Amino acid sequence: MRALFTSFPASDYKLSKVFYESAMGLTIQREYEGDPHRYTNYDLGGMMLKLYEWTEPYYGSGHSGLFIETDNLDVVVNRIRGFGARTTDIVIHQWGGRCCSVTDPFGNIFDLIDAHRKGDA
């Protein structure tokens with residue numbers, strides 16, 4: 001497994017983009033407009049920063065913004081559930097990513113994404 005990206009929610013999406021592109025000088029890697037959110041991915045040299053804004057209600061709360069990719073999503077999710085941690089159902093989002101959210105036994109929430117179905121990034 002490896003960290004794929006970290007994401008920041010944007011309370012003002014357009015102004016946030018100006019900051020990360022102009023002040024920080026980050027290069028856009030990908031943009032998406034649709035449900036359940038719109039986002040811009042920026043290149044951080046081997047990892048991405050995802051700036052996002054929800055366009056429909058989110059399926060969780062307290063999200064850390066960390067996505068971890070795995071080659072064996074189903075196996076890992078079953079193993080996590082065996083430890084008593086909670087996960088959402090694995091879903092394929094409209095943008096193509098096959099993912100689920102995990103709440104570890106201590107209340108921390110992060111996402112897992114299938115390395116073979118990361119969307120059209």
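Since the structure is predicted, the reported quantities are computational estimates derived from the model, not experimental observations. Every heavy atom of this structure was used, including side-chain atoms; hydrogens, water molecules and symmetry mates were not.
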CA sep, side-chain torsions, deciding dist, call: Glu69, Met1, side chain to side chain contact (heavy atoms under 4.5 Å, CB included)
CA-CA 6 Å; Glu69 73 175 69; Met1 285 192 228; over 6 Å; no
When clusters are formed by joining ILVMFWY residues with side-chain heavy atoms under 4.5 Å apart, either directly or through shared neighbours, do Phe19 and Tyr42 land in the same one?
yes
To the nearest 0.5 Å, how far apart are CD1 in Ile92 and CZ in Arg117?
4.0 Å
Kindly write out the residues that satisfy side chain to side chain donor-acceptor pair (under 3.5 Å) with Glu31, not counting sequence neighbours, or none if the list is empty.
Lys17, Thr40
For side chain to side chain contact (heavy atoms under 4.5 Å, CB included), just list the numbers for Val102 and Arg86, CA-CA rounded to whole Å, side-chain angles, deciding distance to a tenth of an Å, and then say yes or no.
CA-CA 6 Å; Val102 175; Arg86 292 177 298 151; over 6 Å; no
So, do Asp35 and His37 sit near enough that their side-chain heavy atoms are less than 4.5 Å apart?
no
From CA spacing to verdict: side chain to side chain contact (heavy atoms under 4.5 Å, CB included), Leu26, Leu49
CA-CA 9 Å; Leu26 296 181; Leu49 169 63; 4.0 Å; yes
Quick one: which residue pairs count as a salt bridge (Lys or Arg N to Asp or Glu O under 4.0 Å) with a foot in residues 37-52, not counting sequence neighbours?
Glu33-Arg38, Arg38-Glu53
With sequence neighbours left out, write down each residue that passes ring pair (Phe, Tyr, Trp, His ring centres under 6.0 Å) with Phe5, or none if nothing qualifies.
Phe67
From CG (Asp111) to OG (Ser101), nearest 0.5 Å:
3.5 Å
Begin from the C-alpha positions of His116 and Asp71 and carry the test side chain to side chain contact (heavy atoms under 4.5 Å, CB included) through to its verdict.
CA-CA 7 Å; His116 307 286; Asp71 287 328; 3.7 Å; yes
Using every non-hydrogen atom in the two residues, find where Ser16 and Leu51 come nearest and quote the distance to one decimal.
CB-CD2, 3.5 Å
Which value, rounded to the nearest 0.5 Å, describes the distance between Ile28 atom CD1 and Glu21 atom CD?
3.5 Å
Using the side-chain contact (heavy atoms from CB on, under 4.5 Å) criterion, which residues pair with Pro36? Sequence neighbours excluded.
Trp54, Glu56, His93, Trp95
Can you tell me how far the SG atom of Cys99 sits from the CG atom of Asp89, to the nearest 0.5 Å?
13.0 Å
Side-chain contact test, heavy atoms from C-beta onward, threshold under 4.5 Å: evaluate it for Met47 versus Thr6 and give yes or no.
yes
Identify, with sequence neighbours excluded, every residue that meets side chain to side chain donor-acceptor pair (under 3.5 Å) alongside Tyr20.
none
Same cluster or not: Leu44 versus Phe8, using hydrophobic residues (I, L, V, M, F, W, Y) connected whenever any side-chain heavy atoms lie under 4.5 Å apart?
yes
Which distance, rounded to the nearest 0.5 Å, do you find between the SG of Cys100 and the CZ of Phe110?
8.5 Å
Using a 4.5 Å cut-off on heavy atoms from C-beta on, say whether the side chain of Leu4 contacts that of Ile113.
yes
Minimum heavy-atom distance between Arg2 and Gly46, given as atom pair plus value:
NH1-O, 3.7 Å
Pairs of donor and acceptor atoms involving the side chains of residues 72-83, under 3.5 Å and at least two apart or interchain, shall be tabulated with distances.
residue, atom, partner, partner atom, Å
Asp74, OD1, Arg98, NH2, 2.8
Asp74, OD2, Arg98, NH1, 3.3
Asp74, OD2, Arg98, NH2, 2.9
Asn78, ND2, Asp74, O, 3.3
Arg81, NE, Thr87, OG1, 2.7
Arg81, NH2, Thr87, OG1, 2.8
Arg81, NH2, Thr88, O, 3.3

